[in-house]
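Model, not experiment: these values are computed from the prediction.
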Amino acid sequence: MKMSLNLVLAVLLSALFVMVIPQNSVEADGELGQQWCIADRQASNDTLQGALDWACRQGDDICLNIQEGRPCYLPNTLEDHASYAFNSYYQKFKSQGATCYFNGAAMANEEDPSYGSCKYEILP
């Protein structure tokens, strides 16, 4: 009887630990739940351009790295530049309630879009 009571307690404790300890709490390349904000490939060029222009007007540092000669200038495409600007704005202002919407031009992404020397910022 004592042995089976110990077995039952062990099973219950194991179940408790499984419920309390979050599974997959850390991904291979970072924290679970990190999000970058990138251009939505379904958005029209007009929508992307308008949102990019708006984001760049929100602070000198938002679009600094997509200027010619800077680390995120190439590839010099509307989608790439918009993605960088959207993420820069979102990371800078999300603590103040900013969202990753940009009039339907953007979407959240859980994969780091950084490449080469172009690093997309991520803030808690």
Side-chain angles (χ1 to χ4, degrees):
M1 181 85 164
K2 188 175 184 182
M3 181 90 126
S4 63
L5 182 58
N6 286 339
L7 181 60
V8 169
L9 286 174
V11 169
L12 289 174
L13 283 174
S14 296
L16 179 63
F17 283 124
V18 169
M19 291 180 348
V20 172
I21 299 171
Q23 301 297 307
N24 300 323
S25 61
V26 178
E27 293 180 344
D29 63 348
E31 299 278 328
L32 185 67
Q34 288 183 328
Q35 289 191 332
W36 290 263
C37 184
I38 61 170
D40 185 342
R41 295 181 187 272
Q42 303 301 314
S44 71
N45 284 349
D46 288 342
T47 301
L48 283 174
Q49 188 66 59
L52 171 61
D53 293 344
W54 180 87
C56 289
R57 287 193 302 269
Q58 304 312 304
D60 293 337
D61 57 333
I62 301 292
C63 294
L64 181 64
N65 282 333
I66 57 174
Q67 302 304 311
E68 191 168 2
R70 301 293 296 193
C72 300
Y73 177 72
L74 296 174
N76 182 14
T77 68
L78 176 59
E79 185 179 310
D80 286 295
H81 286 187
S83 288
Y84 186 85
F86 296 166
N87 188 68
S88 293
Y89 174 87
Y90 174 67
Q91 298 299 330
K92 183 175 183 176
F93 295 110
K94 71 181 176 182
S95 66
Q96 299 169 30
T99 63
C100 179
Y101 182 66
F102 295 90
N103 201 27
M107 57 187 268
N109 182 31
E110 292 183 1
E111 291 182 36
D112 185 352
S114 299
Y115 56 91
S117 62
C118 180
K119 303 300 180 203
Y120 279 57
E121 185 174 34
I122 185 84
L123 298 173

Mind listing the closest non-hydrogen atom pair of [X] and [Y] along with its distance?
X: Ala39; Y: Leu48; result: CB-CD2, 3.7 Å
X: Lys119; Y: Gly116; result: NZ-O, 2.8 Å
X: Tyr120; Y: Asp80; result: OH-O, 3.6 Å

Can you measure from [atom1] ([X]) to [atom2] ([Y]) and round to the nearest 0.5 angstrom?
X: Met107; Y: Tyr101; atom1: CE; atom2: OH; answer: 14.0 Å
X: Gln34; Y: Leu123; atom1: CD; atom2: CG; answer: 10.0 Å
X: Arg57; Y: Ile62; atom1: CZ; atom2: CD1; answer: 12.5 Å

Quiz item: With Ala51, which residues qualify under side chain to side chain contact (heavy atoms under 4.5 Å, CB included), at least two apart?
Solution: Phe86, Phe102, Ala105
Quiz item: How would you list, by chain and number, every residue that makes a side chain to side chain contact (heavy atoms under 4.5 Å, CB included) with Pro124, sequence neighbours excluded?
Solution: none
Quiz item: Are Ile122 and Tyr115 linked, directly or through other ILVMFWY residues, by side chains that come within less than 4.5 angstrom of each other?
Solution: yes
Quiz prompt | Pair listing, ring pair (Phe, Tyr, Trp, His ring centres under 6.0 Å) test, anchored in residues 39-76, at least two apart | solution = Trp54-Tyr89, Tyr73-His81
Self-check item: salt bridge (Lys or Arg N to Asp or Glu O under 4.0 Å) contacts touching residues 42-56 (sequence neighbours left out)
Solution: none
Self-check item: Residue list, ring pair (Phe, Tyr, Trp, His ring centres under 6.0 Å) with Tyr90, at least two apart or on another chain
Solution: none
Quiz item: Counting heavy atoms not belonging to Asn76, are there more than 12 under 6.0 Å from its CG?
Solution: yes
Can you name the residues that form a side chain to side chain donor-acceptor pair (under 3.5 Å) with [X], not counting sequence neighbours?
X: Asn87; answer: Gln91
X: Asn109; answer: none
X: Glu79; answer: Arg41
X: Asp61; answer: Lys92

What donor-acceptor contacts under 3.5 angstrom involve side-chain atoms of residues 63-71, with partners at least two apart or in another chain?
from  : atom 1 : to    : atom 2 : distance (Å)
Asn65 : OD1    : Arg70 : NE     : 3.4
Asn65 : OD1    : Arg70 : NH2    : 3.0
Asn65 : ND2    : Tyr84 : OH     : 2.9
Gln67 : NE2    : Cys63 : O      : 3.0

Quiz item: Which residue pairs pass the disulfide bond (SG atoms under 2.5 Å apart) test when at least one of the two sits in residues 92-124, sequence neighbours left out?
Solution: Cys37-Cys100, Cys72-Cys118
